[in-house]
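A short write-up of the structure that comes next.
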Amino acid sequence: MIRILLLLIPFILFAQKPKILLLKVYKDQNITGWVMSEKLDGIRAYWDGKHLISRGGKIIHAPKWFTKDYPPFPIDGELWSKRGDFENVSSIVRDKTPSDKWREITHNIFEVPNAKGGLFKRLAKVKPYVGKYIKIIKQIPIKNKKQMQNFLHQVESKGGEGIVVRDPKAPYINK
DNA sequence: TGTCTCGTGTCGGGTAGCTGG
DNA sequence: CCAGCTACCC
DNA sequence: GACACGAGACA
């Protein structure tokens, strides 16, 4: 129906590799008190503390210098460059022998697996590591439905894919 | 019974990688 | 080097 | 990801 996506509260565990949370289509639930962010159209990448792993569990060969300052704990986000550049990002990121084009890429974090507390507290753990390549996706508190619709239209007008809304109080459950 | 939701399966545009000629 | 097919991304 | 279907849940 609508092009808004809702983050699954209890999420699904992937076959073996990454424990990834998936998105559901926004229905019409109470989202007051929730947060929203732009849904970036890039490549999902999970950092397990040592390697970047794709949604399907494949290792993403990033240059040494790209992951040099990554944290020792897991973080999850989207490899992205700019709007409407998915094919390019896909190409860069999936190259087995990484090129200098990785300079264009940023890893936009939206989750910190295994961390305690609500979303903001978890994301705060990443702050010391934010730099040229690691970014934290801005989470905007939702005041009401209208404000959310405005944000969605704003994102779409800029060529964005949609927005993600989620409950910041929900902990990251590790099943 | 009709409607809505959710899980599963298939297909598609596009690129990387492997192999054989 | 190139065509054809598989594997992955969303 | 986009669709198409079918099994369940619900009123």
Side-chain angles (χ1 to χ4, degrees), chain A residues 1-32 34 36-67 70 74-113 133-139 142 145 148-149 151-167 170-175:
Chain A
M1 294 276 114
I2 317 180
R3 317 247 290 304
I4 312 172
L5 300 167
L6 181 253
L7 200 54
L8 200 58
I9 304 145
F11 61 94
I12 303 174
L13 186 53
F14 231 57
Q16 203 173 10
K17 294 294 180 182
K19 315 137 193 174
I20 284 179
L21 53 177
L22 304 174
L23 300 174
K24 296 182 65 174
V25 177
Y26 170 71
K27 254 264 304 185
D28 196 25
Q29 51 274 137
N30 261 335
I31 34 70
T32 44
W34 288 33
M36 59 186 178
S37 58
E38 177 171 351
K39 181 181 185 300
L40 302 178
D41 191 21
I43 301 288
R44 182 71 172 278
Y46 178 99
W47 170 256
D48 67 358
K50 292 195 165 55
H51 304 96
L52 282 176
I53 302 170
S54 74
R55 177 183 170 130
K58 297 299 163 193
I59 288 196
I60 294 173
H61 303 274
K64 291 282 189 294
W65 49 261
F66 189 90
T67 54
Y70 267 55
I75 53 177
D76 196 359
E78 197 83 4
L79 291 173
W80 186 79
S81 60
K82 58 181 182 287
R83 296 190 187 86
D85 198 37
F86 170 76
E87 299 298 347
N88 185 35
V89 172
S90 176
S91 171
I92 294 171
V93 160
R94 296 172 44 178
D95 195 330
K96 208 172 178 180
T97 55
S99 71
D100 244 26
K101 290 186 175 178
W102 272 81
R103 303 277 176 199
E104 305 170 17
I105 308 293
T106 55
H107 195 182
N108 299 269
I109 308 305
F110 53 74
E111 188 51 274
V112 184
Y133 303 116
I134 294 182
K135 310 286 183 187
I136 296 175
I137 297 181
K138 188 180 181 184
Q139 301 294 331
I142 298 177
K145 204 166 291 184
M148 179 183 75
Q149 293 293 349
F151 179 60
L152 173 62
H153 295 147
Q154 184 187 319
V155 166
E156 289 182 331
S157 68
K158 284 190 291 190
E161 208 201 18
I163 66 177
V164 174
V165 297
R166 51 196 301 205
D167 181 359
Y172 191 92
I173 315 161
N174 201 348
K175 195 173 177 182

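Atoms considered below: every heavy atom in the structure, side chains included; atoms not considered: hydrogens, waters and symmetry mates. Order of the sequence lines sets the chain letters (A, B, ...), proteins ahead of strands, with each chain counted from 1.
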S54(A) has its side chain closest, among dG17(B), dC9(C), dT15(B), to dC9(C)

So, does the side chain of R55(A) form a donor-acceptor pair with the base of dC9(C) at under 3.5 Å?
no

Do the side-chain N or O atoms of K96(A) get closer than 4.0 angstrom to the phosphate oxygens (OP1, OP2) of dC18(B)?
yes

For dG14(B), take OP1 and OP2 only and decide whether either is under 4.0 Å from a side-chain N or O of S91(A).
no

How many Å lie between CD1 on I92(A) and P on dC10(C), as a whole number?
15 Å

Could you check whether R103(A) and Y133(A), counting side-chain N and O atoms only, form a donor-acceptor pair closer than 3.5 Å?
yes

Spacing of OG1 belonging to T32(A) relative to CD1 belonging to I142(A), to within rounding of 0.5 Å
8.5 Å

Phosphate contact (dG1(D) OP1 or OP2) by K39(A) side-chain N/O below 4.0 Å:
yes

Please tell me whether Y70(A) and H107(A) have a donor and an acceptor in their side chains that are separated by less than 3.5 angstrom.
yes

Atom NZ of K101(A) and atom C1' of dA16(B) are separated, to the nearest Å, by 13 Å

Separation of atom CD in E78(A) from atom C1' in dC9(C), rounded to whole Å:
10 Å

Just the rounded figure in Å: distance from C1' of dC9(C) to CD1 of I105(A).
13 Å

Nucleotide dG1(D), atom P - distance to CD1 of I43(A) in whole Å
11 Å

Please name the pair of heavy atoms, one in G162(A) and one in V155(A), separated by the smallest distance, quoted to 0.1 Å.
O-CG1, 3.7 Å

Whole angstroms only, please: what is the CD1-P distance between I60(A) and dC8(C)?
13 Å

Remember a base hit wins even if backbone is also touched, and classify S90(A) as base, sugar-phosphate or nothing at under 4.0 Å, heavy atoms.
nothing

May I have the distance from D85(A) (atom CG) to dC10(C) (atom P), rounded to whole angstrom?
15 Å

Would you kindly give the CG-to-P distance between D41(A) and dG14(B), to the nearest whole Å?
14 Å

Salt bridge (charged side-chain N to carboxylate O under 4.0 Å, His left out) assessment of E38(A) paired with R83(A)
CA-CA 11 Å; E38(A) 177 171 351; R83(A) 296 190 187 86; 2.9 Å; yes

From the list dG14(B), dC10(C), dC8(C), which nucleotide is the closest neighbour of the side chain of F86(A)?
dC10(C)

